[in-house]
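As the structure is a computational prediction, the values presented were derived from the model and not from experiment. Chain letters run A, B, ... following the sequence lines, proteins first, then strands; residues in each count from 1.
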Amino acid sequence: MNTFLRESWIVFNRQLRMNLRNPAWVIIGMLQPVLYLLLFGPLLEPVIAQLGGNKYTWFVPGMLVQLGIFGAFFAGFSLIGEWREGVIEAERVTPAHRSALLFGRLYRDLLQLFVQAVILVGLGLVMGMDATFGGIVVGVVLTLMLGGACAAASNALALTTKSEDVMAPVINVVMMPVLLLSGILLPMSFGAGWLERLSDFMPIRHVVDAVRAAFFGDFDGSMLWGVGWTVVLFGLAVWWGTSVFKKENA
Amino acid sequence: MIRARGLVQTFHSGQGKQKKEVHAVRGVDLDVAEGEVVGFLGPNGAGKTTTLRMLTTLLKPTAGTASVAGFDVATQAVDVRRSIGYCSQVGSTFSGAYAGDEVVDHGMLYGMSKKAAVAKGQELFDKLQLDGLWRRMPKNMSGGQKRRLDIAMALIHSPGLVFLDEPTTGLDPQARINLWQHIADLRAKEGATVFLTTHYLDEADALADRIVIIDQGTIVASDTADNLKAAVAGDLVDLEVTTDEQVAIARDKLGSISAEVEVEGHHVRGRVARAGKAVPGLLRDLEGSGVGLESIEVVRPTLDDVFLTLTGRSLRDAEAAAEAKDAPADEAAATTEGAPA
């Protein structure tokens, strides 16, 4: 097996074992989007009626992206704990690729996100969501890539700050405009013109639009923007994460 | 095994007007031969950990060169990592993972098969008195057990050179002495070269073939403990004579083998290099001159005496001063470790 794949697989297995010792992680991570789906989804009926279409087909993609962003952005907190106990330094003194140390952790985050996404989509289907299988697959893949980007950025931030006290407010400051300007909860077209124009500059908004379009089976121009931004964000975050892992140790 | 020339590490700490350069290591030269156990002794903030981090490829030197196990730390870092074991002072295992899993995963990152890592891990657990703890989490282990587990992690891939960074810090006296035995066994049973940092004088004295003393980022001495003590301080010989008349004779006789002699009442004291060899002759001289001794005491100098002579302050004082400083060099290394890389 390729050395990089072997090393990242070892790190992934180690991380997965630690997560499986605390299986509450899936439930806790799922709680927020499921509550939104159950308690906020019904409120959308009159709003979505103006746009036409199934309210859950419209709302579940937003929840998926929210899951991808918020769940993954907290991945770095566990890395700080490992750093504090000397685990990161012990791994870095091995000949393993620095990028494998990051990717092993990303595989774990992506698996966790995938399980949560399947549960969320399944719940949406039970509640009446109407989406094609192909659209769901494309939407979940985009969500996983965005989640991977957020997890990589979170790990990079964790090793840069090395402090939960610093990291928590930084994540809040980043997340708030993302939540408000990406149209996760309500369509940006419902707001003032300037707000919609402003949201055009928010990359996540294009990802949300693309996932939503995929669920509706509309593989048009918005899909291209969303895929483009997802790839760019993933590439940038992985580059940042890998360079921090390398820089940290020379 | 280790050869370093002019190693320098400079950090930048603080921000804005508070920004300042911290010269953690200022041109260190080191040579460690295969099979040696070398104690790297110095107070907190002296530059021990920073030097060790450069030698283990964890930190890129600001200047200077070093080769470890025949590989350059800057250009052949992966080869260096394959050849060494490293036991950091903060530990190396996650408190919520099983000890055996941690050791096996670590071995696999060195390219070992799972089967080989399990076999070697169980052998090390047996040797390091960790038997029965394979499925125990480090958070449920004693301090001594955790440190022995860290040593098992460092030895899993059978390295020829092991770096131990303050291996017994925080342990109770009994656990320290127990760990000393295991460290001594690294060479005796594993055939490893050992480079250990410590700020404990007794530890360096007990474990190391050779002691390298570092202070404020600079090597101030390097030799065996006996040679350092003999060359720098010498043994203190304290003669107690029976009469006032004998004091002058004893002072003259002791003065012939000691540079400086003090007299206090019937006590005549002086430092003598290698007293074990010189004192029998001194006693014969005194007896021949009719000097009767009430008592004689030979006190071996400590490494603290050596440190005091070399730096003008005791190791304990230097330690206290380093702890009182806001940003000691080693601490700066820990908090800004990534910056220079």
Side-chain angles (χ1 to χ4, degrees), chain A residues 1-22 25 78-101 103-105 156-163 166 240-250, chain B residues 52-61 73-74 76-98 101-114 117 137-139 146 150 153-154 156-157 159 163 165 334-341:
Chain A
M1 197 194 293
N2 172 291
T3 313
F4 167 80
L5 286 177
R6 182 182 180 276
E7 290 165 353
S8 54
W9 185 253
I10 294 165
V11 175
F12 164 69
N13 265 315
R14 178 178 180 278
Q15 296 291 327
L16 191 62
R17 265 201 314 272
M18 289 195 289
N19 273 18
L20 288 176
R21 283 199 197 104
N22 183 15
W25 56 272
S78 65
L79 192 68
I80 294 177
E82 288 189 272
W83 170 80
R84 196 167 284 131
E85 297 198 45
V87 173
I88 305 299
E89 191 158 284
E91 286 181 354
R92 279 178 173 147
V93 90
T94 70
H97 290 83
R98 276 49 196 138
S99 47
L101 304 180
F103 268 81
R105 289 172 168 84
L157 190 63
L159 280 187
T160 305
T161 62
K162 295 190 181 90
S163 159
V166 176
W240 184 28
T242 307
S243 64
V244 168
F245 262 84
K246 279 181 182 169
K247 184 181 172 186
E248 195 58 19
N249 247 0
Chain B
L52 187 139
R53 289 175 63 82
M54 287 190 280
L55 294 175
T56 53
T57 77
L58 289 169
L59 199 58
K60 193 173 176 182
V73 294
Q76 297 170 294
V78 172
D79 294 309
V80 172
R81 290 173 192 145
R82 269 198 199 98
S83 314
I84 63 169
Y86 171 60
C87 180
S88 117
Q89 60 178 290
V90 294
S92 53
T93 54
F94 189 64
S95 55
Y98 289 130
D101 289 346
E102 290 291 80
V103 171
V104 170
D105 285 343
H106 201 59
M108 289 172 72
L109 283 178
Y110 281 97
M112 297 172 77
S113 68
K114 186 169 184 177
M137 292 178 179
K139 67 182 174 188
K146 266 193 272 194
D150 291 331
M153 294 277 283
I156 185 69
H157 57 298
F163 289 92
D165 192 9
T335 55
T336 60
E337 62 199 31

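The side-chain heavy atoms of B:Asp101 and A:Arg14, taken from C-beta on, include no pair separated by under 4.5 Å.
Your options are B:Ala154, B:Ala74, B:Gly111, B:Cys87, and the one with the most heavy-atom pairs under 4.5 Å with chain A is B:Gly111. Residue with the most contacts toward chain B among A:Arg17, A:Glu7, A:Arg84: A:Arg17 (heavy-atom pairs, distance under 4.5 Å). Chain A forms more heavy-atom pairs under 4.5 Å with one residue of B:Val78, B:Asp105, B:Val90 than with any other, namely B:Asp105. Per-residue counts of heavy-atom pairs under 4.5 Å with chain A were compared for B:Ser95, B:Gly85, B:Ser88, B:Gly96; the largest is that of B:Ser95.
At a 4.5 Å heavy-atom cutoff, B:Met54 makes no contact with chain A through either its backbone or its side chain. The parts of B:Tyr98 that come within reach of chain A are both its backbone and its side chain, each placing non-hydrogen atoms under 4.5 angstrom from that chain.
How far OG1 of A:Thr94 is from CE of B:Met153: 9.5 Å, rounded to the nearest 0.5 Å.
For A:Pro95 against B:Arg82, the heavy-atom pair with the smallest separation is CG-CG, 3.6 Å. Here the closest non-hydrogen pair linking B:Ala97 and A:Met18 is CB-SD, 4.2 Å. Considering all non-hydrogen atoms of both residues, A:Ala96 and B:Leu109 come closest at CB-CD2, 4.0 Å. Of all heavy-atom pairs spanning A:Arg98 and B:Arg81, the tightest one is NH2-CZ, 3.1 Å. Residues B:Thr56 and A:Val93 come closest through the heavy atom pair O-CG2, 3.7 Å.
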Determine whether B:Tyr86 and A:Glu89 satisfy the following criterion, side-chain contact (heavy atoms from CB on, under 4.5 Å), listing intermediate values before the conclusion.
CA-CA 9 Å; B:Tyr86 171 60; A:Glu89 191 158 284; 2.7 Å; yes
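Proximity of a side-chain donor or acceptor of A:Arg92 to a complementary backbone N or O of B:Thr57 within less than 3.5 Å is not detected.
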